[in-house]
Amino acid sequence: MYKRFIRPFLFKLDPERAHNLTFSLLKVFGKCPFMFRAFLRPIFDKKLEREVFGLKFRNPIGLAAGLDKDAKLYKELWALGFGFIEIGTVTPKAQPGNEKKRLFRLIEDSGIVNRMGFNNEGVRATVKRLKKNTNVLIGGNIGKNKLTLNENAVDDYKICFEALFPYVDYFVVNVSSPNTPNLRALQDKEPLKYLLTTLQKMNESMPKSKPILLKIAPDLSDEQLLDIIEIVKDTQIAGVIATNTTLSREGLQSPNRVEAGGLSGKPLAARSTEVIRFLHQRSGGAFPIIGVGGIHSAQDAIEKFEAGASLIQLYTGFIYEGAGLIKEINKALLREQV
């Protein structure tokens with residue numbers, strides 16, 4: 001139904017307008033949760049449960065950060081059948097993000113290019129909404145404001161960490177978005193190690209610590225990935241999310257391939273899986289990995305798990321394939337017992 005009727009209509013609209021319209025409709029339907037169950041019939045089965053970095057997930061399929069930046073729709077998205085919802089990226093202060101137009105479909109390639117630039121209402125607004133959460137497993141993806149210099153970036157992450165701590169189940173440190181100037185420089189070994197060590201010290205001072213994960217770019221070299229493994233070990237963070245969007249445009253057909261920004265969707269699938277496999281094998285499975293990038297089918301998801309992912313997340317595949325993709329993957333996991 002989604003691919004035959006709803007998607008063709010939405011894809012006639014500007015992508016950002018379609019996003020806002022979809023959120024409005026989900027908000028309306030979310031007032032009647034039985035409608036989700038009646039139409040989608042999401043799968044909830046004990047066999048799908050996973051325990052990863054000390055948290056219990058009702059299934060291993062999450063929503064990646066970027067869709068619900070301000071925690072406006074996490075309850076409705078949870079009702080679609082996701083096992084966890086990652087909100088953000090959240091910054092200390094509200095910021096509008098980059099100038100529009102900043103979101104582009106690459107229909108011929110089943111991809112999306114975005115240069116949103118961490119548009120969000122700020123951490124205080126997000127906290128206000130998360131205070132109403134009762135049962136949704138939430139990840140908090142945190143970043144720095146655009147105008148914050150890299151030498152002061154750690155302060156932005158500390159502000160977000162402290163504010164969100166009571167209201168999220170795990171944290172994601174985002175230093176890999178290509179859409180905030182100089183942000184990816186924070187992936188360099190020394191600044192990254194300093195940032196993660198600082199957050200871990202804050203974490204350890206809490207009555208009960210929470211998992212901290214690092215979200216990395218797919219464009220890192222093998223040498224840089226080896227540095228990531230070493231940093232995870234040294235800082236003792238809980239794991240890695242592989243991967244964020246890519247700057248590569250190799251093999252694309254869509255006219256929108258010329259747009260600046262991060263590319264997600266099917267073109268990212270192979271590289272994302274390659275990074276997951278590299279991290280898993282070279283670390284000896286020393287830490288959990290959340291796999292994200294190019295998951296548009298159950299087979300795509302299984303490939304991520306077989307490469308070493310403990311959990312997966314959807315973003316572009318969810319936009320192209322609809323909520324039925326969650327059910328499709330869960331069915332395959334039950335069938336394959338992955």
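For reference, positions follow the sequence shown, starting with 1.
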Nearest 0.5 angstrom please: [X] [atom1] to [Y] [atom2], how far?
X	Y	atom1	atom2	value
L263	L247	CG	CG	9.0 Å
I85	L77	CD1	CG	5.0 Å
I112	L103	CD1	CG	6.0 Å
K331	I43	NZ	CD1	5.5 Å
R50	I61	CZ	CD1	9.0 Å
N59	L311	CG	CG	9.5 Å

Would you say the side chain of [Y] lies within less than 4.5 Å of the side chain of [X], judging by non-hydrogen atoms?
X	Y	answer
I229	L279	yes
Y74	L63	no
L67	I319	yes
S283	V232	no
N150	K144	yes
P211	L55	yes
T243	L268	yes
L13	F9	yes

Got a donor-acceptor contact below 3.5 angstrom from the [X] side chain to the [Y] backbone?
X	Y	result
N145	K93	yes
Q200	T235	yes
D109	S254	yes
D169	I138	yes
N98	K100	no
D68	L73	yes
T197	Y194	no
N256	L106	no
E259	V113	no
S272	V292	yes

Over all heavy atoms of both residues, which pair between [X] and [Y] is shortest? Give the atoms and the distance, please.
X	Y	answer
P218	T245	CD-O, 3.1 Å
G291	I276	CA-CD1, 3.5 Å
H280	A307	CB-O, 3.6 Å
G122	V90	C-CG1, 4.2 Å
Q313	I241	OE1-CG2, 3.9 Å

**OP:** Ignoring hydrogens and angles, state whether a donor on the side chain of K146 or T180 is under 3.5 Å from an acceptor on the partner side chain.
**Re:** no

Is any side-chain N of the basic residue among [X] and [Y] closer than 4.0 Å to the acidic one's carboxylate O?
X	Y	value
E121	R129	yes
D234	K193	yes
R271	E274	yes

Could you work out, with side-chain contact (heavy atoms from CB on, under 4.5 Å) as the rule, every residue matching [X], not counting sequence neighbours?
X	result
E328	S297, A298, L325
K56	E49
K266	S110, H296
R105	F11, P15, A18, I107, Y320

Subject >> With sequence neighbours excluded, residues passing side-chain hydrogen bond (donor to acceptor under 3.5 Å, both in side chains) with E303 >> reply: none

Original post:
Residues two or more places apart in sequence or in another chain: which of them pass side-chain hydrogen bond (donor to acceptor under 3.5 Å, both in side chains) with S221?
Top reply: Q224

When clusters are formed by joining ILVMFWY residues with side-chain heavy atoms under 4.5 Å apart, either directly or through shared neighbours, do [X] and [Y] land in the same one?
X	Y	value
L10	V28	no
I290	F82	yes
L226	L186	yes
F104	M116	no

Partners of [X] by ring pair (Phe, Tyr, Trp, His ring centres under 6.0 Å), sequence neighbours excluded?
X	result
Y157	none
F118	none
F171	F161
F287	none

Subject >> Sequence neighbours excluded - side chain to side chain donor-acceptor pair (under 3.5 Å) pairs with any residue from residues 208-219 >> reply: R184-D219, D219-T246

Subject >> Residue pairs involving residues 8-26 (criterion side chain to side chain donor-acceptor pair (under 3.5 Å); sequence neighbours excluded) >> reply: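 Pairs touching residues 8-26 that pass the test: E16-R102.
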
Does [X] [atom1] have over 12 foreign heavy atoms under 6.0 Å away?
X	atom1	value
E250	CD	no
E108	CD	yes
Q299	CD	yes
E204	CD	yes

Subject >> V175 and L214: CA distance, side-chain angles, deciding distance, side-chain contact (heavy atoms from CB on, under 4.5 Å) verdict >> reply: CA-CA 8 Å; V175 290; L214 172 67; 3.8 Å; yes

Subject >> Intermediate values then yes/no, side-chain hydrogen bond (donor to acceptor under 3.5 Å, both in side chains), D45 and N330 >> reply: CA-CA 9 Å; D45 192 305; N330 277 328; over 6 Å; no

Original post:
Any idea how Y170 and F84 line up, ring-wise: parallel (<30°), tilted (30 to 60°), or perpendicular (>60°)?
Top reply: perpendicular

**OP:** Apply the test side-chain contact (heavy atoms from CB on, under 4.5 Å) to residues L192 and D227: give CA-CA distance (whole Å), side-chain angles for both, the deciding distance (0.1 Å), then the verdict.
**Re:** CA-CA 10 Å; L192 181 56; D227 283 344; over 6 Å; no

